There are 2 protein chains.
Amino acid sequence: MPEPPSVPMSATLAADEAMARRRRAGEQVLSMTSGEIGLPVHPALAERLAAAAHENAYGPVSGSEALREAAAGYWGRRGLDTDPGLVVAGPGSKPLLFALLLAVGGDVVVPVPSWVSYAAQARLAGARPVAVPILPGEGGVPDPERLREAVVVARAAGQDPRSVVVTVPDNPTGTIASPGTVRRLAGVARELGLVIVSDEIYCDLVHDVSTPAESPALHAPERTVVTTGLTKNLALGGWRTGVARLPDGDLGRALHGRLVSIASQIWSSPTAPVQAAAAYAFGEPPELTAHIAASRRLHAAVVRAAADRFTAAGAVLAPVRATSYLYPDFEPVRGRLARTHGIHGGDDLTRFLSERHGVGVLPASAFGESGNVLRIRAATSRLYGDTDERRRAALAAPDPLELPWIRAAVDRIGTVLTGLTAPAPSPAASPS
Amino acid sequence: MPEPPSVPMSATLAADEAMARRRRAGEQVLSMTSGEIGLPVHPALAERLAAAAHENAYGPVSGSEALREAAAGYWGRRGLDTDPGLVVAGPGSKPLLFALLLAVGGDVVVPVPSWVSYAAQARLAGARPVAVPILPGEGGVPDPERLREAVVVARAAGQDPRSVVVTVPDNPTGTIASPGTVRRLAGVARELGLVIVSDEIYCDLVHDVSTPAESPALHAPERTVVTTGLTKNLALGGWRTGVARLPDGDLGRALHGRLVSIASQIWSSPTAPVQAAAAYAFGEPPELTAHIAASRRLHAAVVRAAADRFTAAGAVLAPVRATSYLYPDFEPVRGRLARTHGIHGGDDLTRFLSERHGVGVLPASAFGESGNVLRIRAATSRLYGDTDERRRAALAAPDPLELPWIRAAVDRIGTVLTGLTAPAPSPAASPS
């Protein structure tokens, strides 16, 4: 007799829809709410989709052989040899993550902060999320020592954690857990018998390609499920396409069977015409790797310029090494924010930026933190222009910050933030 | 601490994949396992999809305004005035049905027999399905009197049924519950406080358009959720597109909010390029209504010809009035099947037809009945040809049974069935 689960609407999607409504109503809003990548579809992908428009069969639940082989090759080129028979494609990595939580069963450890949907999905699957903080500057992976403690405590209290979700590179912090932390996480997961669900959707958006993110699948190959998709690297969020890589061995094969059964009962199969284009994309032809490289440079330039505005205004944040996300902490200016604007936490700050300045961000509470924490997440991936022409120009620009619309957006962030944290005028200096 | 739910793989999809493997291995199989409609994509839809290939934004969780307005118009033309704000589009009606069961909460009443996924979805949602038999010849709707008894008994035993799923017209039986039965079902649901989830994906495949299926939403508008999609009428199963219509009023608005939240956490939004084509389709332009009319005539002709072969072989079945499904009962020849072939139920019969004759059907047990019941479901929607050319010819044919490949398929069914139920040679007549 389950009660209807009381999950909120996805904070990113809800905030994004709200900003879109305000924009349509004529307001000058600056949306940094959702991580949707505001870049055009590469023409080669649009062509593949169009060419597959006659495909209307369900095909295999786990996706076409061509798609699964292409995804296996994609992982193979990243050091993870992959059996296409252990790949499952789905309508986005989001439903795959949900189905994986159902397939593993038990309760789920999630890092704090972490993506808005892990804990909600765990609750929808009937599980209780176990929250474990990250190490400073290493988002997406729970501190391995605290993970061990939390699981021992949870088990003693009658909970049954069986999996831990990690995000490498990380949303919301834009950081990457160090190889040492990932290795220790893998060791603790093995010791505790946890399945690692590694969400690697940002793996192609590490700014410095010479220091890629390290997958826990390298250290605990027998228990790590990896998910990814084309939403971030190729800006195909609206196409809904993702893939999961199940571990080889008994555990992985059992999980694969359960995952495919669950997929067959919830969504049948991924969209057929999209699969054709996705198979092409995972094959990584040169024009798409060049496109991804250009988008990576663009993300890095703009997110770092925005980060500078946040630090100039007195916030602190770990260096952004991947994605287009910022997770600044306004703790150093807490007193000033409270005195000047009555802002006492991330929720207040988010409301203030939205209502006073039309700037959309998300509060830390959307990522599992307390509403009093003075952190917000800002995504810069929607600042590249409102038309495909501008977005193409942004991709091609040697210095995207010289493009007037990007410069204007970043400057506006700076102006708003400087005003936000400027000292209140001293009574002594006032004329009266 | 949920155990991994032990749902089987969707019986239709599993059997369909097995038949596809045998076909690829060179076997001469005749697949009547899945209800996938073996007809081509209408060129106007392929064009719309191709034209929308550049669309990569998520858009609203509940689908684009254009799609929701088109779906509202579609229902309006069928006597159900619809607020586009209460329409939710998803990647198939299947995930919408699952999310609806989560949104309503509690346990779920399902008819017996009924589509393979309702009970499995209920279990994935943490609910216990309550099985209630249909009235003879009126598939898809639980006998209203037995529904009342079952819910009272279930509640007394501590279960909490809050919804009843119905299928009008019905899969697996190809029948349509009478208006009187639908009205009584609606009355009992109101009396018991149940939400009615009415799966109307076959509503455009009623053979005689002068006697359409009646939706329970006409009789219990305040508590009926209607789902449909383009999988059956336009053969777009592989495109994964469906819509739900939530009831107006407090109950419906609360359910709508929960449904959209759940959708946002499981699948984000329907595939954007598909939404563009789906909006066009739900607008019902003349070339698509003509296409659907042609497919309806084709389904009726072939499923009825196949039904005749089943009755000629001694099975009984209610007249098929919609869809391309047959649900024959071999009870009248039970003794003969047992003596001649050692067949004692639908499971045995299915295995025999598959292994001995390469004919794929599904046993009644896949639809919630006992394995000993001598019923099977056969779908004729894959008999129209293996190439788009043949499938187009089938759609255009004044009498599709004159096309040699369709005639051959139906004749093969007849031959296999006649052999199956022919009397064993009498010992007296044998030469020795």
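Quick note on labels: first sequence line is chain A, next is B, and so on, each numbered from 1. Values in this document were obtained by computation on a predicted structure and should not be read as measured data.
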Heavy-atom contact with chain B under 4.5 Å, split by part of A:Pro161: neither
Counting heavy-atom pairs under 4.5 angstrom with chain B, the leader among A:Ala120, A:Pro270, A:Pro95, A:Ala277 is A:Pro95
Looking at A:Gly59, A:Ser261, A:Ser93, A:Gly92, which has the largest count of heavy-atom pairs under 4.5 Å with chain B? A:Ser261
Any donor-acceptor pair under 3.5 Å linking the side chain of A:Gln265 with the backbone of B:Ala119? no
Side chain / backbone / both / neither for B:Pro43 at chain A, heavy atoms under 4.5 Å: neither
Please name all residues satisfying side chain to side chain contact (heavy atoms under 4.5 Å, CB included) with B:Gln121, sequence neighbours left out, ordered by chain then number. B:Lys94, B:Leu97, B:Phe98, B:Leu101, B:Ser117
Could you list the donor-acceptor pairs under 3.5 angstrom formed by side chains in residues 44-57 of chain B, with sequence neighbours left out?
unit_1: B:His54; atom_1: ND1; unit_2: B:Ala51; atom_2: O; d: 3.2
unit_1: B:Asn56; atom_1: ND2; unit_2: A:Leu39; atom_2: O; d: 2.8
unit_1: B:Asn56; atom_1: ND2; unit_2: A:Ala235; atom_2: O; d: 2.8

Which residue out of B:Pro8, B:Gly238, B:Pro60 racks up the most heavy-atom pairs below 4.5 Å with chain A? B:Gly238
Between B:Ala272, B:Ser264, B:Pro273, which residue shows the highest count of heavy-atom pairs closer than 4.5 Å to chain A? B:Ser264
Does any backbone or side-chain atom of B:Val108 lie under 4.5 Å from a heavy atom of chain A? Answer side chain, backbone, both or neither. neither
Residues of residues 10-19 of chain A with a heavy atom under 4.5 Å from any heavy atom of chain B, in residue-number order, are A:Ser10, A:Leu13, A:Glu17
Max heavy-atom pairs within cutoff under 4.5 Å with chain A, candidates B:Val274, B:Leu234, B:Leu96, B:Ile266, goes to B:Ile266
Exam field: side chain A:Arg240 to backbone B:Trp267, donor-acceptor pair closer than 3.5 Å: yes
Given the options B:Gly242, B:Ser269, B:Ser268, which has more heavy-atom pairs under 4.5 Å with chain A than any of the others? B:Ser268
Hey, could you give me the CZ/CE distance between B:Arg258 and A:Met9, rounded to the nearest 0.5 Å? 15.5 Å
Okay, B:Thr231 and chain A: the region with an atom under 4.5 Å from a heavy atom over there is side chain
Can you list everything that forms a side chain to side chain contact (heavy atoms under 4.5 Å, CB included) with B:Asp388? Sequence neighbours excluded, please. B:Pro40, B:Arg391, B:Arg392
